[in-house]
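In what follows, a single structure is set out as structure tokens and then discussed.
These numbers were taken from a predicted model, which means no experiment stands behind them. A, B, ... follow the sequence lines: proteins, then strands. Residue 1 opens every chain.
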2 protein chains.
Amino acid sequence: MAQTIKTGKNSPLKASCQQCSLSNLCLPLAVSDDDLDRLEDVIQQGQIYSRGDYVFEQSTPFRSCYAVRSGAVKTSIVTENGDEQVTGFFLPGELIGLDSMSSSSYACSAKALERTSVCELPVEHLDDLTHKLPGLQHHFFHLMSQEIQNSHQLALMLSKRTAEERIASLLLSLSGRFARRKLSPTQFNLPMARNDIANFLGLAVETVSRVFTRFQNQGLIRARGREVELLDLDALQNISQEDDQPACGRKGC
Amino acid sequence: MAQTIKTGKNSPLKASCQQCSLSNLCLPLAVSDDDLDRLEDVIQQGQIYSRGDYVFEQSTPFRSCYAVRSGAVKTSIVTENGDEQVTGFFLPGELIGLDSMSSSSYACSAKALERTSVCELPVEHLDDLTHKLPGLQHHFFHLMSQEIQNSHQLALMLSKRTAEERIASLLLSLSGRFARRKLSPTQFNLPMARNDIANFLGLAVETVSRVFTRFQNQGLIRARGREVELLDLDALQNISQEDDQPACGRKGC
DNA sequence: CGTGAGTTTGAGTAGCCTCAACCTGAGTGG
DNA sequence: CCACTCAGGTTGAGGCTACTCAAACTCACG
């Protein structure tokens, strides 16, 4: 039974992790085919959200993590006094909800930025599963530590980088993540509004807009609304990790 | 064997988690006495670091997580071009290294801010252990998600808060963590230098210094070097979560 | 008693925010 | 089909927060 390769005909909602082009992103490579079958038993696939829908909302009971299949999601936290911080953008193959693992309620809200489909991983089952599949536990530790590192990188950006550096970084990050999915690393549509970018990077919308036009005037990018084309990746790279110290490059200066 | 209550005489390096006053902080409450014994078999206790020593350094092979027993530790990440971001301060009962779980090398460096003793949890053993003790796995998920949330809170501070708000928040955070250990929440020594505070909060040292004196002049705190006394917790609380919008308080404004 | 790291204070500056106006394009309804 | 609307985006002017640079102070330490 475990070895039967399901074609997806008889149980359309399951058995497609194996065929999913994203499985090498969201699932542990270490997991065997056998294990995949078990995983598929608990994963609910194909839920669809329209633009603006919440996948889950902060402070509601925590039930599941979600893997993005298509579309894009933004997560954000809101404080008592109402200000919001976008904590991440999630593209296909990426997992949402790790910051709430083992909490009783969601630590952030997740909102679909466009028409989005996700796979749901109910945590109740996950607890058993990770117990049975050591590889999966390992994978979750990995994903969560990755998430911590991402967040630390964000903190570094927010505290040390200029507006231009932050935006160059974001563009390159998106570029890399598109590339990973075999899409063009230089030409893509931003799934999020300027507002979201500004909030995420700790800037005012106006600043984001100004930097975009500045980059465009310098011939680094071509941007029309959410369409962007990265014309000079090297230059963006240089900007994104600009050195404070002028010239030199040595430590002894 | 598992039930023998060790007094600490015959194996001084083990068997003291049960007596450790911090165990309710760093260890899962869910873990039973039996399990504690197993934990103690793999935990190496009592390593001492002097001020300035590294508990571990970024990019070196990841081997262990560490629980702070006494003293204080700061963690920081360093980029290629040399700038540093302090990512956290860790007091007794808190766990370091979670951001490196399941990586091959440490994602940050951990430096003792004063004479510090730690307990080491080698990860190789942890993998088996979490398998045997479901509660422990749960606890790690919890700690890691907590770490993600902390980091998101930091990001929010860095992107949305003024210098005064950030420093008030930090003071209150420390206050709360001292209180948790039954120490005075209003009178304590800062384990870190102004420089570390500045870096952590994304400010210049001078700004930190200025805010401290401003708070002092307003009668909110008393500060002499690293000694601080919080004189008006309520006021600090108000400052730390100040509302941007003037007056009103309603959403409809 | 010099030395140097850590801290404080002051003066001037710059990057980004705020406020305000205008533009653009998609959706709506007459 | 065109005017209207509204959200999202762009552009400009001015101001403020926190930075930079510079200097003085404190204190632990050899």
Atom-pair distance (CG on A:Asp196; C1' on D:dA7), nearest Å:
13 Å

I need the CG-C1' distance between A:Leu113 and D:dG8, as an integer number of Å.
14 Å

Heavy atoms only: give me the nearest A:Ala107-A:Ile77 pair and the separation to one decimal.
O-CG2, 3.2 Å

So, is A:Arg210 near the phosphate of C:dC16, with a side-chain N or O under 4.0 Å from OP1 or OP2?
no

Nearest-angstrom distance from the residue atom CZ of B:Arg161 to P of D:dA18
13 Å

Value in whole Å for how far the C1' atom of D:dG8 lies from CD of A:Glu206:
12 Å

If the plane angle is over 60° it's perpendicular, under 30° parallel, otherwise tilted; pick one for B:Phe62 and B:Tyr106.
perpendicular

Over how many whole Å does the gap from A:Arg214 atom CZ to D:dG9 atom C1' extend?
16 Å

Closest nucleotide of DNA chain C for B:Arg51 versus for B:Thr207: which of these residues is on the 5' side?
B:Arg51

Nucleotide C:dC17, atom P - distance to CG of A:Leu203 in whole Å
5 Å

A:Gln216 CD - D:dT11 C1' separation (whole Å)
14 Å

Could you tell me how far apart B:Lys160 (NZ) and D:dT17 (P) are, to the nearest whole angstrom?
18 Å

So, does B:Arg224 get its side chain near the phosphate of D:dC27, meaning an N or O under 4.0 Å from OP1 or OP2?
yes

For a side chain to side chain contact (heavy atoms under 4.5 Å, CB included) with A:Ile221, tell me which candidate from A:Leu230, A:Val211, A:Thr213 qualifies.
A:Leu230

Short side-chain N/O contact from B:Ser209 to OP1 or OP2 of C:dT7, under 4.0 Å:
no

Does B:Arg226 CZ have over 12 foreign heavy atoms under 6.0 Å away?
yes

Under 4.0 Å between a side-chain N or O of B:Thr213 and OP1 or OP2 of C:dT8?
no

